[in-house]
Participant: 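Dumping the structure here so I can ask a few things about it.
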Amino acid sequence: MQRIGVFVCHCGTNIAATVDVKAVAEALGHEAGVVIAQDYQYMCSESGQELVKSAIREQKLTGVVICSCSPRMHENTFRKAAASAGLNPYLVEVANIREQCSWIHKDIATATEKAIILGKAAVAKVALNTPLTSMESPVVKRALVIGGGIAGIQTALDIAEAGFDVDIVEKNPTIGGKMAQIDKTFPTLDCAACILTPKMVEASQNERITIHSFSEVEDVKGFVGNFTVKIKKKARFVDETKCTGCGLCTEKCPMKKVPNEFNMGLDNRSAIYIPFAQAVPKVATIDPNYCMMLKTGKCGVCSKVCSAGAIDYKQQDTIIEQQYGAIVVATGFNPIKLDKYDEFAYNQCPDVVTSLELERLMNAAGPNGGTLLRPSDKTHPHTIVFVQCVGSRCDDEKGKPYCSKICCMYTAKHAMLIREKYPDTEVYVFYIDVRTPGKNFDEFYRRAVEQYNVHYIKGMVGKVTPKSDGKIDVQASDLLANEQLHINADMVVLAAAIEPDKTARPLATMLTTQMDTNDFFTEAHPKLRPVESATAGIFLSGACQGPKDIPETVAQGSAAAAKAIGLLCKNSITCNPCTAHSDELMCNGCSSCEKVCPYGAITYIDKEFRMPDRTTKIRRVASVNPAVCQGCGACTVACPSGAMDLSGFSNSQIMAEVDAICK
Amino acid sequence: MQEAMIKRAKELLADGSVDRVIGWKRGEFAYDITPAVFTTAEELDRDFVCDDFTAANVSKYLVKETQKEGKILAFLKPCDTYSFNQLVKEHRIDREKVYVIGIEGGPKLDIEKIKAKGITGILSVKNEDYTLKIETIYGTQTMPFYEAILGKCASCKSKKHVVFDELIGEDGDVLDSNRFEMVEKLENMTAQERFDFWRDQLSKCIRCNACRNVCPACTCENCVFDNPKSGIDNKAPADSFEENMFHIIRAFHVAGRCTDCGECSRVCPQHIPLHLLNRKFIKDINELYGEYQAGADTTSRAPLNTYDKNDCEPSVVHERGVE
Amino acid sequence: MQVNENFEPVIVAFCCNWCSYAGADLSGTNRLNYPTNVKIIRVPCSCRVNPMFILRAFQKGADGVIICGCHPGDCHYTSGNYFTRRRITLLYSMLDFLGIERNRTRLEWVSAAEGAKFAATMQQFTEDVKALGPNRRLEDLRCRKQ
Amino acid sequence: MNNDTLIPKIGVVTDIRQDTPDVKTFRVVAPEGGKVFEHMPGQCAMLSIPGVGEAMFSITSSPTNKEFMEFSIKKCGCLTEWLHAMEVGQQITIRGPYGNAFPVEGDLRGKDLLFIAGGIGLAPLRSVINYVRDNRANYGDVQVIYGSRSKDDLVDYQEIIDEWMADPNIEVNLTIDNAQEGWDGHVGFVPNYVKELAPSTSKTVLVCGPPIMIKFTLAGLKELGFTETQVYTTMELRMKCGVGKCGRCNIGNKYVCKDGPVFRFDQLGELPDEY
Amino acid sequence: MQKISKSRLYELFDAIAAKQSLYIPTDREAGAAEYRKYESGMKLTKELNTVRSAKDFFFPQTENLADFKIEGKTIEVRDIREECEDFVIFGVRACDARSFTILDKVFLCEPVDSFYKNRRDHGTVITMACTRPAETCFCKTFGIDPTVPGGDVSCFDDGESIFFLANTEKGERFVESISSFLEDGDTDRLMEVQTRAREIMDKLPLAKLSTENFGGDKLNEYFNSDKWAELSEACLGCGTCTFVCPTCQCYDIKDFNTGHGIKRFRCWDSCMYSDFTKMAHGNPRLTQLERFRQRFMHKLVYFPANNDGEFGCVGCGRCLAKCPISMNIVKVMKALEAK
């Protein structure tokens, strides 16, 4: 039999002025299961709480209803009071008779009547409450950062700085990411390598940071505080621990016709290679697609020249498994492929390049040693046309609906650098809008226009046609002058839209985090929780969440680190006990619930059931991880069989409230 | 076709490809056909039937059948393949344990429609060039074939098999069906007329649960209406509300999962057009969230298990038709 | 339609804990009056509202049911209210299909800052339901008040 | 209007005894005092809390008790949970008596009686035992063999100690499944204990307990030379009406609520194996 | 015998309905008849029988047994029954008329079900002889002659007139009460009609079906038959057969909380339902096989065992027509018989 105590608060006159609190207590005293109903001046006060506590002890209460202000106000207060009196805190319900009754109604009779009904609903609910215990789950004091670009490096450094071990998983042979390929950075025009490479070194030298380069995340299991991750270290056929990075093998390697991805394929590298001089780790890697030894078994030059004996043609992919308390995603971006943009002749003409390719062409460590030459004939270009928004802000299937955010600024940078270095070169920029919100951004852009006389033309490039004389005809419209233009250009630079890295989608599935339709990771709250994913313990750093420039990326990297540190600082996490749970006997494993869970808290297991006739039957049933579930209840409605229910807000509890209100 | 099916079934049984065959078994009369599992060639020769009356969708039986050892051969009509696929999608059928032979679909006959013409004492029903020749104790009667076809066949949505391991006969196409006509007609009525229509229909309900138990989407271990813990269990419609409740909740639970196989209306002993409730959901889903055919594939997200940020608001209900 | 002046409808409002319930609190804090007919049930998210609850309310004597949740995009649980929107749209459409008066059901997005909107919505909804009169099409006669 | 058996009467719970961790014994009287109705040992009653459920329970008190009825109820479902949570003074609804009874005024008269019970199975037999004690002259030797999982699970332990064991006219043998501290009596399963004690085959046996215990006890009795016609038991199946009309509790053509719950084993043998 | 010209039949109905409730089988839609309370203008169906049986009149699908009011620890029981008023059912077929005697055996044996009895006492059953049996009819199997139906009053149609023959005291009172409408008539044509109907009965596909292999003594023979597995294989476990059956009488008792009190209902139940015998601690009939077997064993073995050989089936053929998977008692009988 329920023994419910009802405590009606006057809240001074806040409630008592419009609600006859004595009548409320009197009426609720007659409800089934109610053994004591009292009213008091201030229930939240020390003595008010004492009233509740002593009633719990003396009357051996099994449930408590407080008729007072909003539960958002004092639910916790009363829960704590109950707990201190030995009653499970989740056996307390609050009937909101202040904000939702006394403060909005004027007529004492109707307000009292409503307060009684609200009280009855709370009594009906509390009669069905079950004691709930918050689960404690321990936190592994180690973080994983997926992606070794500037975002990942910044995050890892910050976490390590706070005293936690952190692993970086980078799919390429070196960390550094896109920033390593960039020549100068806007709006300060300082050298990217000069500010990035020290950080790369710092990361490699920090004893709390382990870099798994040329590695990929294979599998993620577990939940906040306790993820188990399988990392595949891809075979690089070079023993990382032995290789000194001397580079002799790369010089001697006879296979030198491999497109160099670091230089965007604008020059070649050898089959055994170190991506660039400042690579971290500075270790050679054999490209098995090109290595003669691996393909035909004949060669072995690198092995012969390697004095460290680091070459190992028999090396296999290895899987390492590690526990982590937090995971930071920093998978970054790529420029989109421009195959579909025939109008810009990207595939037909080598002198039509992307901005990132231009970046390499202008880089001192690039294919031309920093001299800007046309890829086709290595001549100096005199007229360069920049085309903005190639694939950005695009309505059709070819491109992306969003603004890639960084193009306006890097194009201004490129234009400015070209005009600075080669004043004889005319630079045209075709734009739809120039977007320069950012510290010193607009000033930078205006310098390009005013100081460097870059020709900014609002308009669209209609067609780029390579001509037989090696020139390129750029047909465009000037929207402001309302005229058609033809520019006889030497080079065309396309500001290709950026998109999330292709590895992000399968990773999101593994992490059970949400992505938007563009494959950018979705943050837990667009304003208030911008660096957390909706899945607890997964944080977002850099451009995987949306297009960002370097300072923003670094800021978010540090923010993500701060959030991860906040988690790692805890020894254990207290989970909200109001979570969903599935009745295995009722669940039919249809997978509806899993589809609507924003947290990936639901998995399916094949469970063996002993049937009443003593046979066994294996059935697929849903299983909710209470440490991950946040208790929204979406699954409970998706479940047709009623197997899924939510503690604290169960079907029967809510229906009891409905019944009480409608009575 | 029946001969070809029996021949193929015997071959597959003989070479051990399958252990059992699910199909239809002939009965006492021309029309009382029962879904059945066959294990031997003799049984197939004796009892197996596939004719104008084999309308029953055998997909749901495969839930139980695939929990058994061995592989089963299932003959599926185009409409049945949708149910089958949906059940595979919901992990209720183990696809590996079924060898699916797609067979040509209907239209199948509805004995109730023949009887409704006052024809009784039926001894045999023959389709002679789309005229039914019905031998009865009281003499021979005829009626046009198409006047006797099942409601679900009259608004057939597809002659295409969405899943099969092999086909006997030709595969057809997804049809441009008229299946939403009645839903539209109702939508264009006034609320009072709609209410009266449904009250009249649903008041006939005897809560025999035939609609639920035949429904391939209703494969819960324990239906909420049978589970006293659900708070909405009920056994008999003691009040008109309970008729509404049962059918609304059932339709909601199968919304986005119902393939519109039409079995609910076929088996209703009281001829309640229950499929209209499901079709209303299908029509709404198609119009509001994009065309979706449950069971057409095994991977797409069910419309109620996904969303679009630009989905319409419920006020869309207010904005259309008459109140 | 005959309007009974004395008819006081029973209205059940399901409010999500994070936005609408807070919005209701705010309308209280600001002393914004709305009819006493409205009784609020707190749910963690609007997506917790099962169609069973809505029908149950009508069965047990409610004359109107309104669901309030965070604005689309602002769900505390990211996506809950998107599911709510689909489910409730389809359910309301079905109720309409069965001839149940449209104005007996409503879904409204109310943020924690929209106390005024909450009060106004409840005011309007109560008036709409009052105009409809008692729920007769979805009532359970056994539960009718004696 | 004539009262129908399906319309229950009111009973007031006047005493609640916690017998074992999951068994409570409830004393029920009519609101105006006295028993709600008369019964014979082995008969049952339908108890209900409206809105919660209704179920059949055997009446554990003897008809010779003129003041009240008692029900020993094990917690195992929604209704029993509710009953266990009751407080003294609570009203419940009650209808009955239902079913046949042990033939205490028929075949059992003058016989030597052996009662064998396991766990909550003592409940229906207690009614007979006390009836026999109150009409001691009508019966021969009386022996009770009763076992449970542990000492704490022995139902009516206090009454067994205080009254039955103190009664020189009956022999009481107790056993528990596993040894435990504070128990110096017999340890072992009931069927084995029966075989150990090897009671005389002249006795008529009344057995009740979990199905598995009944099965092995019957086998043991047969080994000892008992025949099925000597052994009575009482059964329990899902019942709704209590009067053999709702169609639920039949085994073959016999309705447990009406033709039972007391069966002799030779009668049961004729019925299909469906319980 | 006394008769009324068919042209005056509705006049008679109007007169009966003026005094008490009259129920007649009428078309709800083509091919589906049901009993409805007669109102002027309503027409008799041409269907052989109604979709639902006539048992509803005495054993309705749901009925309120009692109300309870609970307050604190006290419970108040309210017997809310009202005295039943006299009513007449017209047009009951022989099979359904026989079903009442089967239901009587259940509900009128001790302890008498007063809810049922009350309605039985107040209802007058007027049957109508069959002239055009359907292929699904097999009442003859159970010794019913559909050309001579039972009930309180039997009616016969010779094509032009309806003849009335009282079988019981109640029937006599009824015929007396309508005597002003009746006239004496000769039955020559009626005999012809009956002979013709009986000839058709003999030619029906199920005419040869016999109960000789069934009865109370067949319990062990059939209970463990290996035919049950195959027969029950396709059974959906729905309640269609049970609910259209004129003799199925299993019921459930359910409480409903109205918010103001508890209403206790009795409602039809089906032994085919998976939860029919479910208890707090298990279910003795776990599979559909056992539930399916129960239904047919009950009709063909248990019921005759308890009721002097009377079978729990009247051969109305409803389950043959309505079972979603066309499994029925005829198929069961034939399968069990086949050795």
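Numbered from 1 within each chain, the chains take letters A, B, ... in sequence-line order.
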Participant: Pick one of side chain, backbone, both or neither for B:Y307, based on which atoms fall under 4.5 Å of a heavy atom in chain A.
Facilitator: side chain
Participant: Is it the side chain or the backbone of A:M586 that comes within 4.5 Å of chain B heavy atoms, both, or neither?
Facilitator: both
Participant: For A:D395, look at atom CG and say whether over 12 heavy atoms of other residues, nucleotides or ligands are found less than 6.0 Å away.
Facilitator: no
Participant: Find out whether A:R619 and B:E221 are in side-chain contact, i.e. whether some heavy atom of one side chain is under 4.5 Å from a heavy atom of the other.
Facilitator: yes
Participant: If you compare all heavy atoms of B:C220 against all heavy atoms of A:P640, which two are closest, and at what distance to 0.1 Å?
Facilitator: SG-C, 4.1 Å
Participant: Would you please name every residue forming a side-chain hydrogen bond (donor to acceptor under 3.5 Å, both in side chains) with B:K152, sequence neighbours left out?
Facilitator: B:E263
Participant: Who pairs with B:R212 by side-chain hydrogen bond (donor to acceptor under 3.5 Å, both in side chains), at least two apart in sequence or on another chain?
Facilitator: B:D226
Participant: Heavy atoms, side chains only, cut-off 4.5 Å: are B:E90 and A:N588 in contact?
Facilitator: no
Participant: Step through the shown structure and confirm whether more than 12 heavy atoms of other residues, nucleotides or ligands are within 6.0 Å of NZ on B:K68.
Facilitator: yes
Participant: More than 12 heavy atoms of other residues, nucleotides or ligands under 6.0 Å from NZ of A:K400: yes or no?
Facilitator: yes
Participant: Counting only non-hydrogen atoms closer than 4.5 Å, does A:L585 touch chain B with its backbone (N, CA, C, O), its side chain (CB onward), both, or neither?
Facilitator: backbone
Participant: What residues form a side-chain hydrogen bond (donor to acceptor under 3.5 Å, both in side chains) with B:N209, not counting sequence neighbours?
Facilitator: B:R207, E:Y273
Participant: Count the heavy atoms of every other residue, nucleotide or ligand shown that sit under 6.0 Å from NZ of B:K283, and state whether that count exceeds 12.
Facilitator: yes
Participant: Is it the backbone or the side chain of B:R257 that comes under 4.5 Å from a heavy atom of chain A, or both, or neither?
Facilitator: side chain
Participant: Tabulate, in ascending numerical order, the residues of residues 590-597 of chain A having at least one heavy atom closer than 4.5 Å to a heavy atom of chain B, or enter 'none'.
Facilitator: A:C590, A:S591, A:S592, A:K595, A:V596
Participant: Around atom NZ of B:K309, are there more than 12 heavy atoms from other residues, nucleotides or ligands closer than 6.0 Å?
Facilitator: no
Participant: Answer with side chain, backbone, both or neither: which region of B:T306 has an atom nearer than 4.5 Å to a non-hydrogen atom of chain A?
Facilitator: neither
Participant: Within a 6.0 Å radius of atom NZ on A:K221, are there more than 12 heavy atoms belonging to other residues, nucleotides or ligands?
Facilitator: no
